[in-house]
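Worth knowing before you read on, the calculation uses all heavy atoms, side chains too, and leaves out hydrogens, waters and symmetry mates. Quick caveat: nothing in here was measured; it's all calculated off a predicted structure.
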Amino acid sequence: MRILKSTGNYFKYKRQVFMKLQSSELENGIRLIKLIGKLDSNGTYDIEIEFIRSCGGDKPRILVDLSKVNYISSIGIPMLVNTARSVMGRGGKLGLLSPQRNVLDVLELVGVSHMLPIYYDLKSAMAGMLA
C-alpha cells in the first residue's frame, strides 16, 4: 500500500492489485473465468467475492483459466476447492484450464487434481464440461 496524500488525521491509500478476474460466456452455457496474477493471500483477497459470484447459478458449468496464474499458495487453493464443492452441490461442474507447470505441480501435490478435472486445451475442456 502506498500513501497517496494525508488530510489531517486521515490517510487515503491506493492498494496494489495482485490478481485480476475476467469472466465471459462461451457456447453451450459454459462460463470462462480467467484469473491473472498471483493466487496468494493478496490475490485471493482481490478476487474471492467476485469469483464466488461468478460461479453462481443453478447447474453452472465453470472453466477456470489458470494460464496467467504464475503462483498459487495454500490460501488460493481452498478458494478453488470450496467454490467447486458449492458448484457441484448445485448440480454444476467446475474445471481448471491450462495451469502453468509450477501451479500444476502444487495442485497435484495437494491432491486438487484428484478432485477437479484439469484440462490443457479449450476444446477438451468444453467437451469435458458437456459430458
**Message:** Quick check on side-chain contact (heavy atoms from CB on, under 4.5 Å): which of Asn42, Leu39, Asp40 does Ser73 satisfy it with?
**Reply:**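 Among Asn42, Leu39, Asp40, the one that satisfies the side-chain contact (heavy atoms from CB on, under 4.5 Å) with Ser73 is Asp40.
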**Message:** Val106: which residues meet the side-chain contact (heavy atoms from CB on, under 4.5 Å) condition with it, sequence neighbours left out?
**Reply:**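 side-chain contact (heavy atoms from CB on, under 4.5 Å) check on Val106 returns Ile72, Ile77.
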Nearest non-hydrogen partners of [X] and [Y], listed with the distance:
{"X": "Tyr71", "Y": "Val103", "answer": "N-CG2, 3.9 Å"}
{"X": "Lys34", "Y": "Lys68", "answer": "CE-CG, 4.1 Å"}
{"X": "Phe18", "Y": "Asp46", "answer": "N-OD2, 2.6 Å"}
{"X": "Pro78", "Y": "Ser74", "answer": "CD-O, 2.9 Å"}

**Message:** With salt bridge (charged side-chain N to carboxylate O under 4.0 Å, His left out) as the rule and sequence neighbours excluded, what pairs involving residues 95-124 come up?
**Reply:**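 As it turns out, the salt bridge (charged side-chain N to carboxylate O under 4.0 Å, His left out) pairs with a partner in residues 95-124, which skip direct neighbours, are Arg101-Asp105, Arg101-Glu108.
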Are any of the side-chain heavy atoms of [X] and [Y] separated by less than 4.5 Å?
{"X": "Val112", "Y": "Ile118", "value": "no"}
{"X": "Ile33", "Y": "Gln22", "value": "no"}
{"X": "Lys38", "Y": "Val69", "value": "no"}

**Prompt:** Can you name the residues that form a salt bridge (charged side-chain N to carboxylate O under 4.0 Å, His left out) with Arg31, not counting sequence neighbours?
**Reply:**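 Residues passing salt bridge (charged side-chain N to carboxylate O under 4.0 Å, His left out) with Arg31: Glu25.
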Quick one: [atom1] on [X] to [atom2] on [Y], what's the gap to the nearest 0.5 Å?
{"X": "Thr83", "Y": "Met88", "atom1": "OG1", "atom2": "CE", "result": "10.0 Å"}
{"X": "Thr44", "Y": "Leu35", "atom1": "OG1", "atom2": "CG", "result": "9.5 Å"}
{"X": "Leu104", "Y": "Ser113", "atom1": "CG", "atom2": "OG", "result": "7.0 Å"}

**Message:** Using a 4.5 Å cut-off between side-chain heavy atoms of Ile, Leu, Val, Met, Phe, Trp and Tyr, which other residues end up in the same hydrophobic cluster as Ile52?
**Reply:**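 Members other than Ile52 - counting any ILVMFWY side chain reachable under 4.5 Å - there are none.
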**Item:** Residues clustered with Leu122, ILVMFWY side-chain links under 4.5 angstrom
**Value:**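 Reading the cluster by chain and number, Leu122 sits alongside Leu26, Ile30, Leu32, Leu63, Leu97, Tyr119, Met126, Met129, Leu130.
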**Request:** Would you sort out whether Val64 and Phe51 count as a side-chain contact (heavy atoms from CB on, under 4.5 Å), showing the intermediate values?
**Result:** CA-CA 10 Å; Val64 182; Phe51 182 75; 3.9 Å; yes
**Request:** Kindly state each residue pair satisfying side-chain hydrogen bond (donor to acceptor under 3.5 Å, both in side chains) with at least one member in residues 87-100, sequence neighbours excluded.
**Result:**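 Listed by first then second residue: Ser86-Arg90.
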**Item:** Residue pairs involving residues 49-66 (criterion side-chain hydrogen bond (donor to acceptor under 3.5 Å, both in side chains); sequence neighbours excluded)
**Value:**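 As it turns out, the side-chain hydrogen bond (donor to acceptor under 3.5 Å, both in side chains) pairs with a partner in residues 49-66, which skip direct neighbours, are Asp65-Ser67.
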**Message:** Quick check on the hydrophobic clustering: are Val17 and Leu21 connected, directly or via other members, by side-chain heavy-atom contacts under 4.5 Å?
**Reply:**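 Each belongs to a different hydrophobic cluster.
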**Request:** Could you check Leu107 against Leu116 for side-chain contact (heavy atoms from CB on, under 4.5 Å), going step by step and ending with a plain yes or no?
**Result:** CA-CA 10 Å; Leu107 295 173; Leu116 299 175; over 6 Å; no
